Structures are given as structure tokens and as C-alpha cells.
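Below you'll find the structure, written out as C-alpha cells, and then a few comments.
The sequence lines fix the lettering, A, B, ..., with proteins before strands; numbering per chain opens at 1. Keep in mind that this is a model prediction, so the values were computed, not measured.
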Amino acid sequence: MSMMKKKMIYSVASVHSYMLKSGELNTKLISLYANNQCFLEAERLLPSPPDIFSFTTIIYAASKFNNSHYTLHLFSRMRSFNLLPDAQLLPCAIKACASLMCLRIALQIHGHITTSGSLAEAFVQSSLFHFYLKVGMLDNARKLFDEMPDKDVKSCSALAAGYAKKADKSNARQVFCKMRESGVEPNVVSWNGMIAGFNQSGQFLEAVLMFKDMHLSGLIADGIGISSVLPSIGHFVGLSMGAQVHGYVVKIGLLTDKCVHSAFIDMYGKCHCCKEMLTIFEDLDHVDVGACNALISGLSRSGLVNEALGTFEKFQSLAVELNVVSWTSMIACCSQHGKDMEALELFREMQKAGVKPNSVTIPCLLPACGNIAALSHGKAAHCYSIRQRFWNDVYVGSALVDMYANCGRIQKARHFFNMMSEPNLVCWNALLSGYAMHGMAKEATEIFHLMQIRGVKPDSVTFTSLLSACSQSGLVNEGRLYFDSMLQSHGIEPRMEQYACMVSLLGRAGKLEEAYSLITSMPLEPDACVWGALLSSCRVHHNMNLGEIAAYKLFELEPNNPGNYILLSNIYASRGKWKEVDNVRDIMKSRGLRKNPGCSWIEFKNKVHMLLAGDQSHPQMSLILEKLDDLRVEMKRSGFAPNTHFVLQDVEEQEKEHILCGHSEKLAVVFGMLNTKAGSSLNVIKNLRICGDCHNFMKFISISEGREIYVRDTNRFHHFKDGICSCGDYW
DNA sequence: ATAGGGTTAG
């Protein structure tokens, strides 16, 4: 307790004892205690039965000091004595509700106000109006607004800004224009409210237009307006306008405001102008957290992950007080750029540093858990969300659904989804993509129909998941119907992703010609994903003609992606066309792809091997064996690590796990092992989680029962049973 | 007795 307060109590106490002696206990004394924030003492002095005046005195004081919980407590206590508050007291309670976002009590008070007729009082009306604005119940606010006898600049601007914050362009504009028409000119605060509102609701163009209109109306922007419009410029309009505003700000001398600085750094970061961003940062007099955070996110946005990490560490060593935003940005940066382990580590350090993760931190962290199937970390984040009561946040919720699905726990994802009270489209999509990833088409279509029943409008992402689920399960007719319904029933123009899904759907089902004619007739210029889908299908069905067409398209579109060359050579190999295989290899070489053929060659070798293991009576058996030996020699000669598959056959059980962890081509190894007679090999990889150095496509494997195996690549889980993948692909 | 505007993380 401060000295001041101690002294105060001391003197208040002596007055108290004097008054007790003289028997003059009254509201003045209560007021004395309450206005010095000694509420318990004040409450103790309430007469019995308490009267309305004493309560009023304490409530005023509590409200004056923004003690919202206490204000509401007194209010309910007063009501428990059947004392009715007079109108003057109502705004205090409503203000407390607003600061606590307590809707329930506010609605009760509103009811009381309506029945008691105190709504006629302008100040009661006004406080309720602002309450509804604050909690975003615009319809209620609007009703009160329309009944207001005199609508001043403040209420008009507040309502218009409220609509802007809700992205309700037409209402925002309407209220704003009406205000001007009725002769009330908006001031800088009114304009700023509109700009900030539109910016926050993602109406970037609208925010910029408002800023321009303000300028045209002859008003000069202040720091708040500038820092509200800059993010929108960064998002939407781009550099030239940003630079214009920069000049304008320099001219009017506003480059002293902290937020303006951060906003400029952020704006240049969003436009990927790292040089300008750094210049502004270096010119700062004082290192401000906001500016640091904007810098980190700017570096991250341009993919400069190491620079961002370095900057972050530098700030730490400079003892800059890094806040939640700083840590969260850094975690987001890592999990977005493949540094998943680092993200988990940062989350730990953050808590060690005493910075409390919030509801934004969790959805930044969870993708990192999902990427490397770090289920225990994901679960810990889930528990934390429950303790902090933000598991019902839609961002947290969808990230949790995603994480569980990525970790192979699709039932858990569904279970969690069912518990959410108001899942939004992103949550539904997360669940749907989880089912798609697990190849559970039946569940995916059920979810899609449930969405319709619940009135959730699907978007492009929804259809990508739905179609990819159909594609994996071979539901050709259903997939076609869904694809056609996109435009016809839902008004969504199919995009590249959906075309790629359809090509894959038709292709996997063996309808390669149909897939090809879809490609040639599509209204968009097919990209690498579309051709890639065709090439993969051609590999599955050993279709050389279309495979060549697709592959050569891909060699143009992504000449440096070794995967395409490998796919084509696999098709040739499956047909025993060894000369063509060598040709492809030569093209690779000529394009400088020799650097890392190891992985590719092992993959190729394994596929040949799979073919061999799967079909002992292959007509070209001897040729294949011969080729295999050649490759083995070639591998050794090029100095690559010992061929995992062969090594595994020769080593002791306990060494196998070690070898698996150190190699990138585990997947093929796993497959190979399933095809070998040795059942014992399965024990070695049981529950083995591979993370860290492994190849992008092979993040982890999990094994359920017996000879069934689940393998996840970047997009989906593959279910292998007795060496056969449910999706029909080879691995 | 109440009341309008800001940056950075998803």
C-alpha cells in the first residue's frame, strides 16, 4: 500500500472514531472511505437495513476508479435488498458491463430500464448505446440511435465506425453521409474512426478511400489517422501510395509518433521493401517494441527467417522488453518457414521469460506441432487453451482441429470440433481437410452435407478438400457432381486447385483421357499442380503417352523440380524402357540437377524394387535385376550414403532404428520392409516418429495394427495394408 | 451520470 494511502486511512480512521464517539455515522463517512478506494471499510459502514443513498455513494466511487467487478457486485447486493437504483446510477453499471464485456447483466439492466421508463433519460440511452457498440451488437445500438432526439457528432461517428469495424460498408457510409447531410461535419476523430474500423475489418480499399476523402474535405490527418491507414495501404494498394503518404507525413511533421513509425515499418514490410523498412528502423531515436515487432514480421514476410531470428536475439540482448506480440511473431515466423522445432523451443522460452501466451500465440504454434507430428506438444497447447479459456476461439479451434488431423488423430479432431459452440467456416474446412487427408470420403461428404443443413456457406477451400477426399476414395461420380455444383449451386468459379483435384480424381480412377481433355478444355492456363496430377496418375496406370506430355510440360514449368523427372523415369522403368530412363537422367544432368540425385535415384531404385517384390513373375525380371545392380554400383560410385534398404537387410535389429532416423528415404524403406518376408522388421519402426532432418515429403509414419501402416506426406495420409496403398499409388 | 479514433502476431 502506498504511503499516501496509509496516511489517508490513518486520518480517515481518526475521523471515524471521532464520529463514532459523537454518533454521527453517516453517508459522508462512507463517501470518505469510498473515495479513497477503501471499499471494504465503506461497505462495512452500510446501515442496516442499507439505504439507497449509501449504496449510491460507494457505487459512484467504484465506478470513478474503474473498479468494474466491484461496481457490479455492489449493484447486485443493492438489488438483493430490493433497492431500486435511480436512473443516475445506471450508466455506472453499464460502463462496468462494457469494460468486462458482460452481456448478461447488461441485458438485465436494459430490461429494467425499459420497464422503469428511464430510457427517456438521454444519458441512460447514450450509455446503453455505447455499450452495444462496444460489444458489437450493432442492431441494438442502431435501435437506440434511431430513437435518440439529438444525434451529435460523437454518436454519429461512433455508430458509423462501429459499422466499419463490422465490415458493413453500406450502413457505415449511410450513417456517415446522413450526418454530413444533416449539417454535422465530421471531425478528425470521426474520419479516423472510419479509417481504423475499415482497416480492422479488412476493408482495406475502403479505409484508403476514406483517408483520401478526409484529405479532400480539407482536414489534415494526425498520427492516429496515419497509423490506421498505413496497414491498409500495405495490404492493398502498395508501395507508390505508401511512399506518397510517407512524403506527406514528413511534410506535416508527424514522423515523431511511435505508432506512425511502427506502421511505416510494417507497411514497407508488407510491400517487401526491406531496405526502406530497415532505414526507418535505424533512424529511430528510441527502440520501441512496436517497431521491433513490425520489423520482425516484415523480415518474416520476406522469408528472411534467419535475419528475423537474429534480430529477435539482438533485441533480447539489448534488453528490449519483448511482449506477447514479439514472441508470437517469432513463433509464427518459424512455424511458417519449416523451423518447427525452433517454434516449439521459442514457446518454451517465452513462458520461461514470463510472457504469457495468448489466444493468437496458440494458432501460431500449433501448425509447428502438426508439421512434425509433435502430438504431446500439441496436447499441451490444447490444455493451456482450456486453462486460459480460449479453446472456443475460432482461430484456436480450427488450429487445434488441424493439428490433431495432422498428427493422425482424426477422431480426436472430430471430437474436439463437436465441442465447439460456434465453429466458423475455417473450422469446418479444417475438419473437412482432415478427413480428406485421411482419405475418409464418406465422413467428408457427411460433413459437407452437415454444413448445408447448418447453413454454413462453403468456399473454394471447402471444395478443394471435398474433391480431394473423393479423389482418394475413387468416388468419381460424386466428385463430378460436387465439381459441377460449385458454380451451379454455390456460385463459386472453380479455380486451379479444384481443376487439379478433378484431374487427380479422374486420373487415379484410370480415366486418363478424360483427365487430359479436362485440362485442354479448362478456361485457365493449367499450372504445374494440374500437370503434376496428370503425371502422377500416369505413373499409377503406367500410361506412357500422356505421361510424356505431362512430364515435358512440367520440365518447362518447373525445370528444377527433380520429382517430375523421377516420375517419368518410373513410368519408363515400369515398362522396361531403360534407354528412355537414361535419356531422362541425361536431361536432369544437363539442367544441373546432378547435385542431389541421390535421393531421387534411391527412390527410383526402390520403385523398381517394389515392382519386383510385388510381382515376382514380371516378364522383364532378369533385366530389372540387372538394372538394380547397375544402380547400386552407380550409387556407390557417386559417393552416396549406403543404400538404406540393403543396409537394413544386413544389420542387427537395434541398429535399424538408428539408420532409419538418419536417412531421408524411409518411406520406401518401410514399404520395402513390408514387402519382405521379415515380419520382425515391423517392430523396429513401430511407433517410430521421424522428425528433424527428414525429407519434406516424409514427415512421419505411424503404425496401427499388424501389417497396416499410415504414412503422411505433405498432403495426406496413406494407408498401406499388406504393402498396398489404399489410394492406388505406389510409393 | 455516460460517451467517439491508432501500429505490430493468426
Side-chain angles (χ1 to χ4, degrees), chain A residues 56 59-60 63-64 85-96 98 118 121-131 133-134 148 152-162 164-165 179 186-200 207 210 214 221-232 234 257-267 269-270 288-298 300-301 308 322-333 335-336 350 357-367 393-399 402 426:
Chain A
T56 307
I59 292 176
Y60 277 155
S63 175
K64 192 171 79 186
D86 36 294
Q88 256 71 24
L89 214 47
L90 294 170
C92 291
I94 297 167
K95 185 180 128 190
S118 9
E121 307 277 3
F123 57 86
V124 175
Q125 199 176 36
S126 166
S127 66
L128 258 179
F129 168 69
H130 286 285
F131 169 81
L133 276 183
K134 170 127 199 261
M148 282 181 186
D152 59 357
V153 204
K154 289 185 182 178
S155 4
C156 295
S157 316
L159 183 64
K165 220 173 250 181
M179 163 170 73
N187 56 27
V188 184
V189 179
S190 322
W191 287 103
N192 286 349
M194 294 292 275
I195 298 167
F198 280 129
N199 176 49
Q200 282 163 23
M210 277 288 156
M214 171 168 77
D222 64 3
I224 294 176
I226 302 287
S227 45
S228 306
V229 78
L230 280 176
S232 290
D257 189 310
K258 263 186 191 173
C259 289
V260 172
H261 277 130
S262 310
F264 267 113
I265 294 171
D266 172 65
M267 188 273 293
K270 284 196 176 105
D288 163 65
V289 209
C292 294
N293 296 345
L295 182 63
I296 290 169
S297 79
S300 165
R301 217 181 291 273
L322 296 175
N323 59 19
V324 215
V325 180
S326 331
W327 285 93
T328 305
S329 316
M330 205 55 248
I331 290 173
C333 173
S335 64
Q336 282 161 11
M350 165 184 195
N358 66 13
S359 64
V360 181
T361 317
I362 301 300
C364 293
L365 173 78
L366 285 171
D393 175 309
V394 283
Y395 287 103
V396 175
S398 51
D402 221 46
V426 181

Q: Mind checking A/S126 for me? I need base, sugar-phosphate or nothing, with any heavy atom below 4.0 Å counting as a touch.
A: base
**Q.** Candidate nucleotides B/dT2, B/dG6, B/dG5, ranked by approach to the side chain of A/D222 - the nearest
**A.** B/dG5
Q) In whole Å, what is the span from the CE atom of A/M179 to the P atom of B/dG5? A) 14 Å
Q.
Using the side-chain heavy atoms of A/V260, tell me which of these nucleotides is nearest: B/dG6, B/dT2, B/dA9.
A. B/dG6
Q. Under 4.0 angstrom, heavy atoms only, what part of the nucleic acid is A/A161 near: base, sugar-phosphate, or nothing?
A. nothing
Q: Give the nucleotide from the list B/dG6, B/dG10, B/dG5 with an atom nearest to the side chain of A/D393.
A: B/dG10
Q.
Please pick, from B/dG10, B/dT8, B/dG4, the nucleotide with the shortest atom-to-atom distance to any side-chain atom of A/V189.
A. B/dG4
Q. Is any side-chain N or O of A/Q200 closer than 4.0 Å to OP1 or OP2 of B/dG5?
A. no
(Q) Side chain of A/V188, heavy atoms from C-beta onward: which of B/dG5, B/dA9, B/dT8 has the nearest atom to it? (A) B/dG5
Q.
Counting C-beta onward and ignoring hydrogens, is there a side-chain heavy-atom pair between A/S329 and A/V325 closer than 4.5 Å?
A. yes
Q) Are the side chains of A/N293 and A/S262 in touch, meaning some heavy atoms are under 4.5 Å apart? A) no
Q.
With a 4.0 Å cutoff (strictly under), does any side-chain N or O of A/Q336 reach OP1 or OP2 of B/dG10?
A. yes
Q: Provide, to the nearest angstrom, the distance between the CG atom belonging to A/N293 and the C1' atom belonging to B/dG6.
A: 15 Å
Q: Kindly point out which of B/dG6, B/dG10, B/dT8 is positioned nearest to the side chain of A/S297?
A: B/dT8
Q | Among B/dG4, B/dA9, B/dT8, the one nearest A/S157 by side-chain distance | A | B/dG4
Q. B/dT2 P sits how many Å from A/Q125 CD, rounded?
A. 17 Å
Q.
Over all strands shown, is A/S190 touching base, sugar-phosphate only, or nothing at heavy-atom distances under 4.0 angstrom?
A. base
(Q) Categorize A/S359 for me: base, sugar-phosphate, or nothing, with a 4.0 angstrom heavy-atom threshold over every strand shown. (A) base
**Q.** Among B/dG6, B/dT2, B/dA9, the nucleotide that comes nearest once only the side chain of A/D266 is considered
**A.** B/dA9
Q: Ignoring hydrogens and angles, answer whether the base of B/dA9 and the side-chain atoms of A/N358 contain a donor-acceptor pair closer than 3.5 Å.
A: yes
Q) Side chains of A/D266 and A/L230: closer than 4.5 Å at any heavy-atom pair? A) no
Q) Taking C-beta and beyond as the side chain, do A/F198 and A/S232 meet within less than 4.5 Å on heavy atoms? A) no
Q: Answer whether the closest heavy-atom distance between the side chains of A/T361 and A/C364 falls below 4.5 Å.
A: no
Q: Have a look at A/S329 and say if it touches a base, only the backbone sugar-phosphate, or nothing, with a 4.0 Å heavy-atom cut-off.
A: sugar-phosphate
Q: When you get a sec, tell me which of B/dG5, B/dG4, B/dA9 is the closest nucleotide to the side chain of A/N187?
A: B/dG4
Q: Measure from CG on A/N323 to P on B/dA9 and round the result to the nearest Å.
A: 12 Å
Q: Answer with base, sugar-phosphate or nothing: what part of the nucleic acid does A/F131 contact at a heavy-atom distance below 4.0 Å?
A: nothing
Q | Nucleotide B/dG4, atom P - distance to CD1 of A/I224 in whole Å | A | 13 Å
Q. Taking only side-chain nitrogens and oxygens of A/N199, does any of them come within less than 4.0 Å of OP1 or OP2 of B/dT7?
A. yes
**Q.** Atom-to-atom span, CE of A/M194 to P of B/dG6 - whole angstrom
**A.** 13 Å
Q) For the side chain of A/Y395, counting heavy atoms from C-beta on, which of B/dT2, B/dG10, B/dA9 is nearest? A) B/dG10
Q. Should A/L322 and A/M330 count as side-chain neighbours, where that means a heavy-atom distance under 4.5 Å?
A. no
(Q) Whole angstroms only, please: what is the CD1-C1' distance between A/I331 and B/dT8? (A) 15 Å
Q. Under 4.0 angstrom, heavy atoms only, what part of the nucleic acid is A/G223 near: base, sugar-phosphate, or nothing?
A. base
Q) Is any side-chain N or O of A/S227 under 3.5 Å from a base N or O of B/dT7, one able to act as donor and the other as acceptor? A) no
